[in-house]
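Input: a single structure, listed below in structure tokens.
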Number of protein chains: 2
Amino acid sequence: MNYKNHVTRLSQYKSVLQRLVKSGIEKTYAESISKHIGIPATQIRKDFSLFGIRGNKRGGYNVLELLEELKVNLGLNRDLPFILIGYGNLGKALARYHGFHEGCVRIIAAFDPKVGVLSSIPPIPVYPPASISAFLKDNPVKHAVLAVPDDVAQSMVDELYAEGIRGFINFSAIALNIPEDAYVNNVDLELELETVVYYTKEAENKEDKEVKKLV
Amino acid sequence: MNYKNHVTRLSQYKSVLQRLVKSGIEKTYAESISKHIGIPATQIRKDFSLFGIRGNKRGGYNVLELLEELKVNLGLNRDLPFILIGYGNLGKALARYHGFHEGCVRIIAAFDPKVGVLSSIPPIPVYPPASISAFLKDNPVKHAVLAVPDDVAQSMVDELYAEGIRGFINFSAIALNIPEDAYVNNVDLELELETVVYYTKEAENKEDKEVKKLV
DNA sequence: ATAATTATGTGACAATAATCACGACAATCT
DNA sequence: AGATTGTCGTGATTATTGTCACATAATTAT
Ligand SMILES: NC(=O)c1ccc[n+]([C@@H]2O[C@H](COP(=O)([O-])OP(=O)(O)OC[C@H]3O[C@@H](n4cnc5c(N)ncnc54)[C@H](O)[C@@H]3O)[C@@H](O)[C@H]2O)c1
Ligand SMILES: NC(=O)c1ccc[n+]([C@@H]2O[C@H](COP(=O)([O-])OP(=O)(O)OC[C@H]3O[C@@H](n4cnc5c(N)ncnc54)[C@H](O)[C@@H]3O)[C@@H](O)[C@H]2O)c1
């Protein structure tokens, strides 16, 4: 199966652990985490091993401790403000999402030219893009979510990089050029829908083949 | 680097090709596709080779033909209606996104209990969940986007599977159980933001190391 | 005490994926 | 026509990733 990569998996583990904490569970096991997310227990242990996370022989893992170690390894054990560029369809959805507040990630402000003046009506304040520079001088943010139209994405990255942003989540479909010391995560939602079509077709074909075999 | 997998890449190639078509470009080369998305040209050729896509020796690829072949291989050369379950923050964003209409993927209806009666005001009609079954009897849809709260996701999958849906895009954070002949693509947006934090930290550390080396 | 049980942790192995090196061959040039 | 160039296509090679088997430690049972 496709478990993506070790960092993604670490984040998935963290997500499960957060839910365990919420339900008041104190101890867990590789095997039971596996049941939650469908990643083999041995893979989970291997990942932990890789990151130097250790449990108790025969005793599994203390939920709170494990969660803390996962956070440390992911760099999520600190305040993590994000800014949001583009308060359109997708930007609004992200801004209004309350799940983030339970995690470590917080969107603290959005920027969109549609807003003439600064406004604090939505869950987060929305400012005109011209004020990004000033905002970042007061708020040491390192991460930005780009939910702007494809054709302005690159120029926004350039500007944001110049202002000190080093981590980007890019929802536009175009590839962005950035310096070595920054990181972009491209999230292409259209692609996410399309690949499902492929794999669904695959499943169909497999069935066909099996049917053929039986004949 | 992390180019995800061959299917994802195929979809990326398709996306570039669509843009080339729009700009009226007729011929392209592995090397120029590479420039657009940052995937090495040899990887691109290897992928094409794997899927039996062939170009012209020294002549590159005919854009329209290549696009068509990519679509065929991805299973996107046909009508691909999706239904959307959950018309909340994220559901609305997806429903209102116009990029889909230019591609092959179309969301034709949404279902949400907040709508008491059927309504056609938004870009797509939104119906109460009780009418899913009836709707699918009239419309042979195979794919669904799940943008519902975490705690109802599994029960919706069960219901949708029973009604014939075989491909799912799941935006909730919990893993879904499905039969072998169906496919779920989990898209966890919180995780997408979090992993950026990790990689940004990595870049920082790398810098630190280099600084150390110089000292 | 000793044995049995149940997890963890990790090195060895297997599978998968990416890169490289180079041959084939069509187009263009001389 | 023959040489040259540019691009493709792919087998061989290397790197990455996942799986497995089993040694190890803690706990429980006898
Ligand atoms: N909405 C979706 O479901 C969806 C799906 C796939 C991809 N995407 C991609 O996500 C991105 C955003 O999509 P959307 O649907 O939210 O688009 P949208 O048009 O609704 O929103 C874009 C927003 O960006 C703002 N904007 C424009 N220039 C700006 C600038 N320089 N600085 C700050 N803000 C600026 C616009 O005013 C607008 O509000 C696009 O690249 C789109 O291709 C969206
Ligand atoms: N919005 C985001 O940015 C974001 C980010 C990360 C994850 N998510 C995840 O995406 C999912 C949706 O998030 P959201 O922000 O859109 O939530 P939301 O609460 O705004 O929307 C959920 C919608 O689902 C509807 N719903 C409830 N039960 C239903 C049912 N049985 N059938 C059909 N519809 C039903 C609700 O009426 C609501 O409109 C959640 O699982 C959330 O964790 C969202």
Side-chain angles (χ1 to χ4, degrees), chain A residues 1-13 16-17 20 25-70 73 175 186 191 195 198-199 202 206, chain B residues 1-13 16-17 20 25-70 73 175 186 195 198-199 202:
Chain A
M1 253 317 128
N2 170 24
Y3 320 126
K4 315 209 168 163
N5 68 50
H6 55 132
V7 179
T8 316
R9 286 195 302 264
L10 228 54
S11 187
Q12 287 183 267
Y13 305 149
V16 172
L17 268 282
L20 294 181
I25 292 163
E26 286 174 11
K27 239 170 55 166
T28 191
Y29 306 89
E31 201 58 61
S32 66
I33 298 174
S34 171
K35 291 235 175 65
H36 276 94
I37 43 179
I39 293 171
T42 74
Q43 175 79 75
I44 296 175
R45 287 198 223 103
K46 196 75 197 267
D47 287 336
F48 288 176
S49 169
L50 189 69
F51 284 91
I53 295 173
R54 358 207 57 241
N56 313 303
K57 280 276 161 75
R58 207 193 156 164
Y61 304 86
N62 175 298
V63 168
L64 283 174
E65 277 170 31
L66 178 54
L67 177 56
E68 188 54 28
E69 294 208 73
L70 289 170
N73 276 290
N186 296 299
L191 186 150
T195 52
Y198 177 87
Y199 287 111
E202 282 272 284
K206 243 188 241 161
Chain B
M1 257 315 127
N2 169 22
Y3 319 127
K4 315 212 167 162
N5 68 50
H6 55 131
V7 179
T8 316
R9 286 196 302 264
L10 227 55
S11 187
Q12 286 183 267
Y13 305 149
V16 172
L17 267 283
L20 294 181
I25 291 164
E26 286 173 11
K27 241 171 51 167
T28 191
Y29 305 88
E31 202 56 61
S32 66
I33 297 174
S34 172
K35 291 235 175 65
H36 276 94
I37 43 179
I39 294 171
T42 75
Q43 176 78 76
I44 296 174
R45 285 198 224 102
K46 196 76 200 264
D47 286 336
F48 288 177
S49 168
L50 190 68
F51 284 92
I53 295 173
R54 358 206 59 243
N56 312 303
K57 283 279 162 74
R58 208 195 154 151
Y61 303 85
N62 175 298
V63 168
L64 284 173
E65 277 170 30
L66 178 53
L67 177 56
E68 187 54 29
E69 294 206 76
L70 290 169
N73 275 290
N186 296 298
T195 52
Y198 178 87
Y199 288 112
E202 282 272 284

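Below, read A as the first sequence line, B as the second, and so on, with proteins coming before strands; counting in each chain starts at 1. All values reported here derive from a predicted model rather than from experimental measurement.
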Legend entry - Rounded distance (Å) that lies between atom P of dT6(C) and atom OH of Y61(A): 18 Å
Legend entry - Residue of the set D47(B), T8(B), N73(B) for which side-chain hydrogen bond (donor to acceptor under 3.5 Å, both in side chains) holds with Y13(B): D47(B)
Inset, instruction - Please report, rounded to the nearest Å, how far the C1' atom of dG23(C) is from the NZ atom of K57(B). - result: 8 Å
Legend entry - Closest-nucleotide 5' rank along DNA chain C - winner of G59(A) and L50(A): G59(A)
Legend entry - 5′-ward residue of the pair K46(A)/R58(A) relative to DNA chain C: R58(A)
Inset, instruction - Rounded to the nearest angstrom, tell me the gap between atom OH in Y29(A) and atom P in dG9(C). - result: 13 Å
Inset, instruction - Return the set of residues passing ring pair (Phe, Tyr, Trp, His ring centres under 6.0 Å) with Y29(A) (not counting sequence neighbours), or none when no residue passes. - result: none
Inset, instruction - May I have the distance from F48(B) (atom CZ) to dG9(D) (atom P), rounded to whole angstrom? - result: 9 Å
Inset, instruction - Check every strand shown and say whether A30(B) touches a base, only sugar-phosphate, or nothing at a heavy-atom separation below 4.0 Å. - result: sugar-phosphate
Inset, instruction - Drop me the distance from F51(B)'s CZ to K46(B)'s NZ, to the nearest 0.5 angstrom. - result: 13.0 Å
Inset, instruction - Please report, rounded to the nearest Å, how far the P atom of dC8(D) is from the CZ atom of R45(B). - result: 5 Å
Inset, instruction - Nearest whole angstrom, please: distance from the C1' of dT8(C) to the CG of N62(A). - result: 15 Å
Legend entry - Phosphate contact (dG18(D) OP1 or OP2) by R9(A) side-chain N/O below 4.0 Å: yes
Inset, instruction - Could you tell me the separation between the CD atom of Q43(B) and the C1' atom of dG9(D), rounded to a whole number of Å? - result: 14 Å
Legend entry - Below 4.0 Å: OP1/OP2 of dC20(D) and any side-chain N or O of T42(A): no
Inset, instruction - Apply the side chain to side chain contact (heavy atoms under 4.5 Å, CB included) test between L66(A) and each candidate in L20(A), T28(A), V16(A); give the one that qualifies. - result: T28(A)
Legend entry - Gap between atoms NE2 and C1', on H6(A) and dT17(D) respectively (whole Å): 10 Å
